[in-house]
Amino acid sequence: MAVDITVLFKASVKTVKTRNKAIGVGFDLPKEEIFKKSRPKHGFSLKAKEVISNITKLKDFLLQHRKDYVNAGSLISSDLTRMTDNERDQIDQDAQIFMRTCSEAIKQLRSEAEKQVIPTQIREHRGAVLDLIEIYLRGVCKLYSEQRAIRVKRVFEQENQRLVSEMSNLVDEVRQIEGKVVEISRLQEIFAEKVLMQETEIDSIHQLVVGATENVKEGNEDIREAIKNNAGFRVWILFFLVMCSFSLLFLDWYDS
Amino acid sequence: CCPVTAGLSMRMLNFNTSPLKNTAAEPVWKVLIYDRFGQDIISPLLAVKELRDMGITLHLLLHSDRDPIPDVPAIYFVMPTEENIDRICQDLRNQLYESYYLNFISAISRSKLEDIASAALSANAVTQVTKVFDQYLNFITLEDDMFILCNQNKELISYHAINKPDIMDTEMEAIMDTIVDSLFCFFVTLGAVPIIRCPRGNAAEMVAVKLDKKLRENLRDARNSLFTGDNMGAGQFSFQRPLFVLADRNLDLATPLHHTWTYQALIHDVLDFHLNRVSMDESVGSEASPSGARPKKKNKKSYDLTAADKFWQKHKGSPFPEVAESVQEELDTYRAQEDEVKRLKSIMGLEGEDEGPISSISMSDNTAKLTSAVSSLPELLEKKRLIDLHTNVATAVLDHIKSRKLDVYFEYEEKLMSKSTLEKSLLDIISDPDAGTPEDKMRLFLIFYITALQPPSETDLDQYKKALLETGCDLSSLNYIKQWKAFTKIAATPSNYGNSGVKPMGLFSRVMNSGSQFVMEGVKHLVLKQHNLPVTRILDNLMEMKSNPETDDYRYFDPKMLRGSESSTPRNKNPFQEAIVFVVGGGNYIEYQNLVDYTKAKPGKRVLYGCSELFNAGQFIKQLSSLGQK
């Protein structure tokens, strides 16, 4: 197990300081200088650290919105957290631009480093630093592409689902219609049967009606005859009666 | 212990804060400065790529020309020696970096700390020295369960240095101090105080006494104890203390000379394998150069065999024919996967043409397959690289085996060590011009001499010597072995190498092998039967609390006990779950592999192997020769 002797080291520093003071071999540095001189940070590492912080920002951003983006599909998620597809597209675009900028920055740093005249070790070191940054960027890009793959897969799944449900709806409707048509045809059959039955009856009625018309016609004739006869009869009756009356009258007069 | 060390390195390289395993964490860049010691510790564990991943843009040697790189924190990982401290002070005065994190491999003394303090004061850089750590990492971890002591200046603590007849007391003291310092660091890192067992009357005992004393002193010092709750690491949670077995190389000289048959040990034996890196010549052009002609220009290629290499982790202890088969299998699997990718590529290519409804139906399936194929491409490429690596390495090893007939030696030596009947006579093998280099023959003969219950008669010996000299061997190592045999109590208890034996691989597997790329014609397919080497046996006895004349009079040290423990009766009656075996005088991969195999058979037990230096047979023979010449 490693033993941390930093404390021991600091104690040794104090010991040496006091010893130096005692001997008089002092490094009489003014108080301010005892604090670590803030050495000028070199351009390369500043820029490199900047790129890293940018990538970290991107990573945090992606991770933050990951849940919403992926939309774990829980039915209880409120509408507030649900992301529209527009927002998702926006995130995609932003992320891509960002990644491109970062990789450009890395390339730029690399070409700058190539151009500079610096000792081999520093060159190697910088190359390795840039490699590390690239690997980091690649890792973050992988996060993004995983997210996106899930989303795309989700979209396809959704579409699939939609198509499936549409298809199944259609199938249902078609089945219903089929049922109805079958019923209609059955009813139609029954009607046809009944209609056929009625035909014979109507025929017989027709015959009867025709006969009846004839009879009525003849009857009319007969009634006319009868009326005529009746009228003639009446006339004779009337003559008889008048004659009787006149005879009566004559007889009456004769007797008198 | 490797995960411990690796974790520590990771933490140290992250300014001693725990590294966030965040996929997209902001990069913080730093520069790593190390000395040769630090380099040896880090290089078996971390490759350059892994360093880069942790944000280390440059890694430089302390004593090299370094340019000032402003705005960059620097992590130092060095030994607290005089020169290193001077150089650090110089760096502070030259204001090379923005901030300094100093990590010392072993503990730094107060006076040296004050030197740095005064340099920092005079350079007005005190606030820049952000952290100072004592890392207690003065040992090199090669594997999860194997470590060695420092690699730099290892001649100072080599077998030769410890056993040379004209050694002075001061030299011995210095050697013991070095070893004990490293072992102390090891236990601090492990976070546990072990129970120490060691044999009597040799260097191992001296190390045990000193280590016990050092641990005891540290435990007594309540203020600065490194084993208190705050500093305890992994050891805090194991209920039992580990067993620390100190063994001396002199109890078993045959194993380092042995020819071997497992992959890792073979690589160490025949190729240049060092700190998990194997270097070999790769000849450009594969024509056999006729004898006498200049060989074609060879490139030196080096490969790192790391923990990330799954094939290596799986097969480093396997017998060589198995390795050859497995490489072939891996190659086939890889080819199948490659074909799959090619097929998908062609399908995608055809997708533009109107192939009719068939392609559109299977398109969704293909996109999924394509995505998985694309994402697995880096894996595939890595696999290919590893397959190529192992193909090259295994081919090189096979070449050695074939040209030197190492399988014959291996079989014969196994028979010698297990005292089974020998088919060929030793003289035949020695006089055979085709089999092996003079060094191989010397090794074989030394093993014969060591394992023989009775030394051979004078006439036989002269015969052997003549034959050896004819083939060009150097006999000085034999002189030393004679002395050694006389010294040690080997006569009393002949070193038993257990019931080993080899059985030829079945006919079936031989048929299977014939299709593989590695045409092992003429090479016997030998399969190891599990047996315990002397070190493993000793460990087994001590760990399982078995009674055995070999280990019964081992000394017992418990640094935590209040009174000085001179008793040799162990107080603990339960078998140990965790053990560390350390061989003073040097060790090798054969012993390590034997311990690994032993541990595999006992689930729940953990065994770590360490040695003061790691040598292969060739290097060991050189040491023996120089000892024999004195």
Side-chain angles (χ1 to χ4, degrees), chain A residues 1-17 19-20 25 27 29 33-37 39-42 44-46 48-49 52-53 55-56 59 62-63 118-143 149, chain B residues 4 8 11-12 16 23-29 31 52-53 55-58 60 65-72 95 98 102-104 107-108 110 113-118 120-122 124-137 188-191 224 226-227 230-233:
Chain A
M1 291 307 294
V3 177
D4 189 347
I5 52 174
T6 318
V7 175
L8 213 57
F9 176 72
K10 303 268 190 242
S12 312
V13 169
K14 273 206 198 101
T15 324
V16 172
K17 243 194 250 176
R19 195 193 306 152
N20 284 345
V25 181
F27 302 105
L29 298 162
E33 281 193 6
I34 297 181
F35 292 109
K36 171 178 160 180
K37 278 198 286 252
R39 278 126 43 90
K41 293 232 176 225
H42 276 231
F44 176 79
S45 63
L46 265 180
K49 288 225 170 73
I52 288 198
S53 70
I55 300 180
T56 315
K59 181 179 82 154
L62 281 176
L63 284 176
I118 38 174
T120 345
Q121 283 182 3
I122 301 192
R123 189 184 288 270
E124 218 184 293
H125 165 73
R126 290 198 179 162
V129 166
L130 288 168
D131 285 338
L132 283 171
I133 300 182
E134 243 185 72
I135 292 177
Y136 182 48
L137 179 63
R138 233 175 270 156
V140 173
C141 290
K142 203 161 146 236
L143 271 181
Chain B
V4 174
L8 284 171
R11 283 183 49 210
M12 171 183 81
N16 281 348
T23 42
E26 246 182 48
V28 182
W29 48 79
V31 173
R52 280 285 159 91
D53 286 341
I56 293 176
T57 57
L58 285 181
L60 307 162
D65 290 323
R66 281 176 285 118
D67 306 312
I69 306 181
D71 310 326
V72 164
Q95 310 249 332
E98 184 196 340
L102 305 175
N103 295 279
F104 294 107
I108 184 173
R110 191 61 194 260
L113 200 57
E114 284 179 8
D115 289 341
I116 302 185
S118 74
L121 261 178
S122 65
N124 202 13
V126 176
T127 43
Q128 287 179 297
V129 178
T130 323
K131 289 254 178 201
V132 183
F133 273 87
D134 279 337
Q135 287 288 345
Y136 289 101
L137 283 176
V188 171
T189 309
L190 201 61
N224 293 332
L226 298 160
F227 294 97
D230 293 340
N231 285 330
M232 292 279 267

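We name chains A, B, ... by the order of the sequence lines, and we start the count at 1 in each one.
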Residue pair A/Asp4 / B/Val132: nearest heavy atoms and the distance that separates them: OD1-O, 3.3 Å
Chain B contact via A/Lys10 - which portion, at a heavy-atom distance below 4.5 Å: side chain
Between CZ on residue A/Arg126 and CH2 on residue B/Trp29, distance to nearest 0.5 Å: 11.0 Å
Side chain / backbone / both / neither for B/Val129 at chain A, heavy atoms under 4.5 Å: both
Greatest number of heavy atom pairs closer than 4.5 Å to chain A - which of B/Asp53, B/Ile69, B/Leu113: B/Leu113
Minimum-distance pair of heavy atoms, taken over all atoms of B/Leu121 and A/Val13: CD1-O, 3.9 Å
A/Gln121: side-chain contact (heavy atoms from CB on, under 4.5 Å) partners, not counting sequence neighbours: B/Leu58, B/Leu60, B/Arg66, B/Asp67
Portion of A/Leu8 that has a non-hydrogen atom of chain B nearer than 4.5 angstrom: both
Contact winner vs chain B - A/Ile122, A/Val129, A/Thr56, A/Leu137, heavy-atom pairs under 4.5 Å: A/Val129
Spacing of CG belonging to B/Leu102 relative to OG1 belonging to A/Thr6, to within rounding of 0.5 Å: 9.0 Å
Stepwise side-chain contact (heavy atoms from CB on, under 4.5 Å) check, B/Arg110 with A/Thr15: CA-CA 11 Å; B/Arg110 191 61 194 260; A/Thr15 324; 4.1 Å; yes
Distance, nearest 0.5 Å, that separates CD of B/Glu114 from CZ of A/Phe9: 10.5 Å
Any residue meeting side-chain contact (heavy atoms from CB on, under 4.5 Å) with A/Arg123, in chain and number order, not counting sequence neighbours: A/Ile118
Most contacts with chain B, counted as non-hydrogen pairs under 4.5 angstrom, among A/Val16, A/Asp131, A/Val7, A/Thr120: A/Val16
Residue selection (most heavy-atom pairs with chain B, distance under 4.5 Å) from A/Glu124, A/Lys14, A/His125: A/His125
